[in-house]
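Every value quoted in this text rests on a predicted model; they were computed, and no experiment measured them. Per chain, numbering begins at 1; letters A, B, ... match sequence-line order.
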Amino acid sequence: MKRNKFIQITENIWEIPTDFKPGMRVPARVLSSGELIDGIDDRVIDQITNVACLPGIRRYALCMPDGHVGYGFPIGGVAAFSVDEGIISPGGIGFDINCGIRLLRTNLTYDEIKPKQEQLLDELFRTVPSGVGSSGYLKLNNDQFRQIMQQGVNWCRENGYAGYHDVEHIENRGCLENADASVVSKKAISRGINQMGTLGSGNHYLEVEIADPKNIYDKATARRFGINLDNQVMVSVHCGSRGFGHQIATDYLQVFDKYSKQYGLDVRDRELMSAPIKSEEGKRYFQAMACAANAAFVNRQLIVHGIRKAFRKIFSASEADLGIETVYDVAHNIAKFEEYEIDGRRETLLVHRKGATRSFGPGRAEIPEDYRDVGQPVIVGGSMESGSALLCGTTVADHETFGSSLHGAGRTMSRMKAKKIMRGDALQDKLRQKGILVKTGYIRGLAEEAGYAYKNIDMVVDAVDNIGISRKVARFYPILNIKG
DNA sequence: ATGTGC
């Protein structure tokens, strides 16, 4: 690997020039602290420079500090394509379409919930189904599921599963336009229809966390986001569109494969299978992707409904007293049409974010009104050992990274390797000693998600804070975690 | 990530 070709632009930005390998249309940029750059897998460099070869790509192919190897694109990849010449790529969005995080605030403090935390964990585990193949409590008919696909969280609002405040604090208000259920396969629908309100498996989780007053980096912004108590209880939910989005990605990869000769796209890696944005198949995938994105917003909303129910039961308290409100809900795996300035003129681009978060700065109309003068909340999920971070979007991101920032800590270790280091039950004991109670239906797999399998979240967050594409607001530490 | 793979 010709790492000597990397050009250090600033302390935490590394550029890979177009002469790194043949076919690169734009440079690649890897965002990383100097400390972490050597740890970035050669395959990630391979993947992000492959992305830089894709037709219609603009400015840079970007890799966030939490980047690691994914299907075709690295997880942590951001790439924007011109509508006229560009492509849409399922590998640039991810199999789990609109995997994302919902962050909730509460009126409770650690002292208030500690005596009942075991009961709370059990109740949450009962209320929110998790694990591979899990199904939800909602029995939906085809017509209801079609409405979910096309109307997203508006369906939840009309059916008593969401409040006005929830809808206003979700990216895109929980509904992507252009969602068209007629381009979604029966197979995808049959996999998705019984999975709404379920957590899934792998790195998906439901976590109860504490906002440590010593690590509120920006008190004024934190207060704006509803963090206003010492040791306040927060809840975060990390999950996506389950088998539904996975099937849509699979379906359209197959369609794109079938038409690949006709498109004549020069794609370096089979996993980068794409279609022109303007092709009929490309348009259909975008509409189907929007259906999966909407289902994922609904999935997280239904889980929130379950969380509220569980808290009400355990604390025998009213909705108003508990104050469980949505701080924000971000998509981590999605593609969106957005406008940027390229070579002095405004252009609409299809921005692919795969394991990356939108990070819009103050003033943007897409940000909820009550946050608009501050910037968009950027929710960064960590491991069950390290907790998570809350950041805020900036104008720098709008200019430098197509309004994007990081999404998590980033894996450093394969699941297999992580399982060899420690057994799941031993890890569970170790976490309990640290004050973190973990419940899972798959104890043998727990070590796959151990803290040691991830980069240090504070280091990757510091890198984006330093670059300026989002700024630190608060840090949350886990006390209860449910893993699928 | 995923009714986890040739």
Take the protein atom [atom1] of [X] and the nucleotide atom [atom2] of [N], then report the distance between them rounded to whole Å.
X: A:Asn299; N: B:dT2; atom1: CG; atom2: C1'; answer: 14 Å
X: A:Asn98; N: B:dT2; atom1: CG; atom2: C1'; answer: 16 Å
X: A:Arg415; N: B:dT2; atom1: CZ; atom2: P; answer: 10 Å
X: A:Phe95; N: B:dG5; atom1: CZ; atom2: C1'; answer: 13 Å
X: A:Ile75; N: B:dT2; atom1: CD1; atom2: P; answer: 13 Å

Review point. For atom NZ of A:Lys261, is the number of surrounding heavy atoms from other residues, nucleotides or ligands below 6.0 Å larger than 12?
Key: no
Surrounding CG of A:Asp429 (heavy atoms of other residues, nucleotides or ligands, distance under 6.0 Å), is the total greater than 12?
yes
Practice task
Examine A:Lys309 relative to A:Tyr137 and say whether NZ or CZ is less than 6.0 Å from the centre of the six-membered ring and inside a 45° cone about the ring axis.
Solution key: yes
>> Within the 4.5 Å heavy-atom criterion, are A:Ser414 and A:Glu448 side-chain neighbours or not?
In response: no
| query | With sugar-phosphate meaning primed atoms plus P, OP1 and OP2, does A:Lys187 contact a base, only sugar-phosphate, or nothing at under 4.0 Å between heavy atoms? | reply | base
Worksheet item: Is A:Gly202 touching bases, backbone alone, or none of the nucleic acid, heavy atoms closer than 4.0 Å?
Response: sugar-phosphate
Item to check | Salt bridge flag under 4.0 Å for residues A:Glu271 and A:Arg43 | outcome: no
Assess whether a salt bridge exists between A:Glu385 and A:Lys434, defined as any Lys/Arg side-chain N lying under 4.0 Å from an Asp/Glu carboxylate O. yes
Residues in residues 242-251 of chain A with a heavy atom under 4.0 Å of DNA chain B, by number, are A:Arg242, A:Gly243, A:His246
Q: Examine B:dT4: is either OP1 or OP2 under 4.0 Å from a nitrogen or oxygen in the side chain of A:Ser201? Give yes or no.
A: no
